[in-house]
Asks: 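Structure below; questions to follow.
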Amino acid sequence: MTSLLHDASTLVVKVGSSLVTNNGQGLDRSALAAWAEQIAGLVKQGRQVVLVSSGAVAEGMQRLGWKKRPTAINELQAAAAVGQMGLVQMYESCFSEHGLHTAQVLLTHDDLADRKRYLNARSTLRTLLDLQVIPIINENDTVVTDEIRFGDNDTLASLVANLIEADALVILTDQPGLYSADPRKHADARFIGQALAGNPELEAMAGGAGSSVGTGGMLTKILAAKRAARSGAHTVIASGREAGVLLRLAAGEAIGTHLRAGQIKTVARKQWLADHLRVGGRLLLDNGAIKALRDDGKSLLPIGVVAIEGSFERGDAVACLDAERREIARGLVNYSSSETLRILRKPSSDIAQILGYVEEAELIHRDNLILL
Ligand SMILES: Nc1ncnc2c1ncn2[C@@H]1O[C@H](COP(=O)(O)OP(=O)(O)O)[C@@H](O)[C@H]1O
Ligand SMILES: N[C@@H](CCC(=O)OP(=O)(O)O)C(=O)O
C-alpha cells in the first residue's frame, strides 16, 4: 500500500503532550528539532504544513515544579499559559535553523463554530501558509474550560484540517498506531494498518489516554479522523518517535494506521459546507457574475452584484440569485450587508477607498461557494 500522504499537498500534523514533553519530563528538544527538520523538508517539496502541538500544560507543570496534574481549571490554565511560552520558543528556535518562521495561533472550538471568526482564522492561516510560515496551533487554554479538562487537541487538529481543506491529517503519538485494543493493557492486541475513517468498529477498539500527560487517548484520534474525512482529508496515526516518519510517509511508505476518507475532497467539501449553511440573506447577480461562477469556477466579486436583500454579517451564508430569482449558488460572504451595499457594482480595487479597509478582494471566495 502507498501511504495516503504521498500525494497530500496540504497537511495538518498533530503532536501529543507525551511526545512533546518526553512523558512530562520537560520539552524534548531533540524530538521537536527532528519534526522541524522533517517539516522543513516537506515545505521544500512544495507542501504546506500546519503544526498542532499539545504540551503546554505538561510543560507548564514542569516549569512550576508541579508533580501532579491539577484538577482545578484555573491551575490548569495557569500551567498552560506558562508552558505555552516554552513551547513556542522552542519551535521558533528549531524551525529557524531551517530558515523558517513560525506563528503562534491559539484557537478555541468556538472560534471555528462562529462563521465570522472561522473566515478570519481561515484567511490568516492561508496567508501564513502562502508566506511559507509554519503555524503552530494550540488550544487557547486560558479562555476555555471544557477542552482543557478533557484535552482535545485531536479534535482541534481535525477542525483545522476542515478549515484549511487539508489533504491529510497526521496524528503523531506514542504508539505505532491503532490496535484492536489498548496495547498497554492487552499484549495480544492486533495492529490496524488501514481502515475507512468513520468505520464504527474503530471506535469500539479505542481506549482512553495511555499516559498521565496525554489526555485524549485513541478515541479522540478515531473521532478526529472521522471529522477530517468530512472535508475529504485522510488521517494517518503514527509514532512520532519513528525516525523520519513524516518524510517517509510523504515518500509513500505505509507507516502507522491509515484511515482513508471515503469521499473525494471536492464532494466532501461541498457536503460539509452545505451542512453548515443556513441562509441569512440574498445577493442578486448580473449575468457576467453568473457566468464567472458557473462556467469559469471563479469567486464572486462585488462588481457582479446588483442588489442585496436581508441583513447579514461577515461569515454568514447567503443565497446568490439570478434575474429570475432562481438560486444558483450559496456561500459564506466576506462582507456584512451594510458593507456589501457600499461596494456592490464596484471593482475590488475600490474596496479600500470605499470602506477604508479590505477584508478580501472577493465577496464570496470560490472555496466557500457551492453551485446549485
Ligand atoms: N486501541 C488502541 N490502540 C493504540 N493505543 C491506544 C488504544 N486505546 C488506547 N490507547 C492509548 O492511547 C494512548 C495515546 O493517546 P494519548 O495518551 O492521549 O496521547 P497523545 O498525547 O499523543 O494524544 C496510547 O499510549 C495508548 O495507551
Ligand atoms: N492544550 C493542551 C492540550 C492537551 C491535549 O489535548 O493533549 P494531548 O491529548 O496530548 O494531545 C496543552 O497544550 O497542554
Side-chain angles (χ1 to χ4, degrees), residues 1-23 27-55 90-91 94-95 97-100 102 129 132 134-137 153-154 157-158 160-161 164 166-180 183 189-197 202 210 214 218 221-222 224-225 228-229 232-261 265:
M1 183 185 77
T2 309
S3 153
L4 292 171
L5 244 64
H6 185 255
D7 299 321
S9 50
T10 309
L11 291 90
V12 175
V13 177
K14 185 259 170 175
V15 284
S17 306
S18 51
L19 283 179
V20 170
T21 64
N22 208 354
N23 281 326
L27 289 175
D28 185 344
R29 182 165 179 117
S30 62
L32 270 63
W35 301 320
E37 185 181 7
Q38 294 180 60
I39 290 172
L42 296 176
V43 170
K44 272 211 191 86
Q45 294 169 6
R47 306 184 203 237
Q48 297 190 317
V49 186
V50 170
L51 183 61
V52 176
S53 177
S54 306
M90 198 171 279
Y91 278 121
C94 290
F95 278 100
E97 285 176 22
H98 304 280
L100 290 171
T102 56
L129 289 174
Q132 288 209 340
I134 309 294
I136 312 284
I137 300 184
N153 268 2
D154 297 319
S158 66
V160 171
I164 61 163
D167 301 301
L169 166 64
V170 189
I171 300 181
L172 296 181
T173 183
D174 56 5
Q175 294 289 335
L178 174 71
Y179 288 82
S180 55
R190 193 169 34 89
F191 187 73
I192 311 293
Q194 55 174 316
L196 191 64
L202 300 176
M218 267 303 150
K221 296 175 185 32
I222 297 303
H234 304 298
T235 296
V236 175
I237 304 172
S239 167
R241 298 203 173 102
E242 181 85 39
V245 60
L246 294 173
L247 290 173
R248 284 162 59 198
L249 278 165
E253 203 178 321
I255 312 168
T257 299
H258 282 53
L259 302 174
R260 244 173 319 108
K265 202 167 129 186

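Small disclaimer: the values here were computed from a predicted structure and weren't measured.
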Asks: Mind checking whether L246 and V13 have side chains closer than 4.5 Å, heavy atoms only?
Replies: yes
Asks: For a 4.5 angstrom cut-off between non-hydrogen side-chain atoms, does L172 reach K14?
Replies: no
Asks: Do Y91 and I134 come close enough that some side-chain heavy atom pair is under 4.5 Å?
Replies: no
Asks: Quick one: are E242 and P176 in side-chain contact, heavy atoms under 4.5 Å?
Replies: no
Asks: To the nearest 0.5 angstrom, please state how far the CD1 atom of I39 sits from the CZ atom of R47.
Replies: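 Going from the CD1 atom of I39 to the CZ atom of R47 covers 12.5 Å.
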Asks: Within a radius of less than 6.0 Å around CZ of R190, do more than 12 heavy atoms belonging to other residues, nucleotides or ligands occur?
Replies: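 Atom CZ in R190 is not crowded, with 12 or fewer foreign heavy atoms closer than 6.0 Å.
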Asks: Check this for me, if you would: do R241 and D174 make a salt bridge, where the nitrogen-to-carboxylate-oxygen distance has to be below 4.0 angstrom?
Replies: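 Between D174 and R241 there is no salt bridge, as every charged N stays at least 4.0 Å from the carboxylate O atoms.
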Asks: Considering only NZ, NE, NH1 and NH2 on the basic side and carboxylate oxygens on the acidic side, decide whether E37 and K44 come within less than 4.0 Å.
Replies: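 No salt bridge links E37 with K44.
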Asks: What are the two closest heavy atoms between V245 and A238, and how far apart are they?
Replies: CG2-CB, 4.0 Å
Asks: Do S18 and N23 meet the criterion of a side-chain donor-acceptor pair at a distance under 3.5 Å?
Replies: no
Asks: Are the side chains of S53 and I137 in contact, using a 4.5 Å heavy-atom criterion?
Replies: no
Asks: Looking only at heavy atoms, what is the nearest atom pair of I171 and A224, with distance?
Replies: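 I171 and A224 have their closest heavy atoms at CD1-CB, 4.2 Å.
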Asks: Which pair of heavy atoms, one from A233 and one from A261, lies closest together, and at what distance?
Replies: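 So the two residues come closest at O-CB, 3.5 Å.
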Asks: Give, for atom CD1 of I237 and atom CG of L169, the distance between the pair rounded to the nearest 0.5 Å.
Replies: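 Here the rounded value is 8.5 Å.
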Asks: Quick one: do L259 and Q194 satisfy side-chain contact (heavy atoms from CB on, under 4.5 Å)? Show the steps, please.
Replies: CA-CA 6 Å; L259 302 174; Q194 55 174 316; over 6 Å; no
Asks: Could you tell me whether a side-chain N or O of H234 sits under 3.5 Å from a main-chain N or O of A168, the two making a donor and an acceptor?
Replies: no
Asks: For C94 and R29, what are the C-alpha separation, side-chain angles and deciding distance, and is it a side-chain contact (heavy atoms from CB on, under 4.5 Å)?
Replies: CA-CA 8 Å; C94 290; R29 182 165 179 117; 3.9 Å; yes
Asks: Tell me, do V50 and V160 make a side-chain contact under 4.5 Å, heavy atoms counted?
Replies: yes
Asks: What's the separation between atom CE in M218 and atom CD1 in I192, rounded to the nearest 0.5 Å?
Replies: 11.0 Å
Asks: For residues D28 and L19, determine if any side-chain heavy atom of one lies less than 4.5 Å from a side-chain heavy atom of the other.
Replies: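 Sidechains of L19 and D28: no contact.
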Asks: Among residues at least two apart in sequence or on other chains, which ones pass side chain to side chain contact (heavy atoms under 4.5 Å, CB included) with L247?
Replies: Q38, L42, Q45
Asks: Can you tell me how far CG of L51 sits from CH2 of W35, rounded to the nearest 0.5 angstrom?
Replies: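 Nearest 0.5 Å value for the CH2-CG distance: 8.5 Å.
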Asks: Ignoring hydrogens, what is the shortest heavy-atom contact between A8 and L4? Give both atom names and the distance.
Replies: CB-O, 4.4 Å
Asks: Could you tell me whether the side chain of S9 reaches within less than 4.5 Å of the side chain of Q48, counting heavy atoms only?
Replies: no
Asks: I need the minimum non-hydrogen distance between A228 and T235, along with the two atoms involved.
Replies: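 Nearest heavy atoms, A228 then T235: CB-OG1, 3.9 Å.
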Asks: Test your reading of the model: is there a side-chain donor-acceptor pair from T257 to the backbone of L178, 3.5 Å cut-off?
Replies: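 Side chain of T257 to backbone of L178, a donor-acceptor pair under 3.5 Å: yes, one is there.
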Asks: Taking L249's backbone N and O only, do any of them form a donor-acceptor pair with S3's side chain (distance below 3.5 Å, no angle check)?
Replies: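 Checking the backbone N and O of L249 against the side chain of S3, a donor-acceptor pair under 3.5 Å is found.
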Asks: For the atom pair CE (M90) and CG (L27), what is the distance rounded to the nearest 0.5 Å?
Replies: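 These two atoms lie 4.5 Å from each other.
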Asks: Between D167 (side chain) and T10 (backbone), is there a donor-acceptor pair under 3.5 Å?
Replies: yes
Asks: List the atom of A197, the atom of A229, and the distance in Å for their closest heavy-atom pair.
Replies: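 That would be CB-CB, 3.9 Å.
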Asks: Rounded to the nearest 0.5 Å, what separation is found between the NZ atom of K221 and the CG atom of N153?
Replies: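 Atom-to-atom, K221:NZ and N153:CG are 9.5 Å apart.
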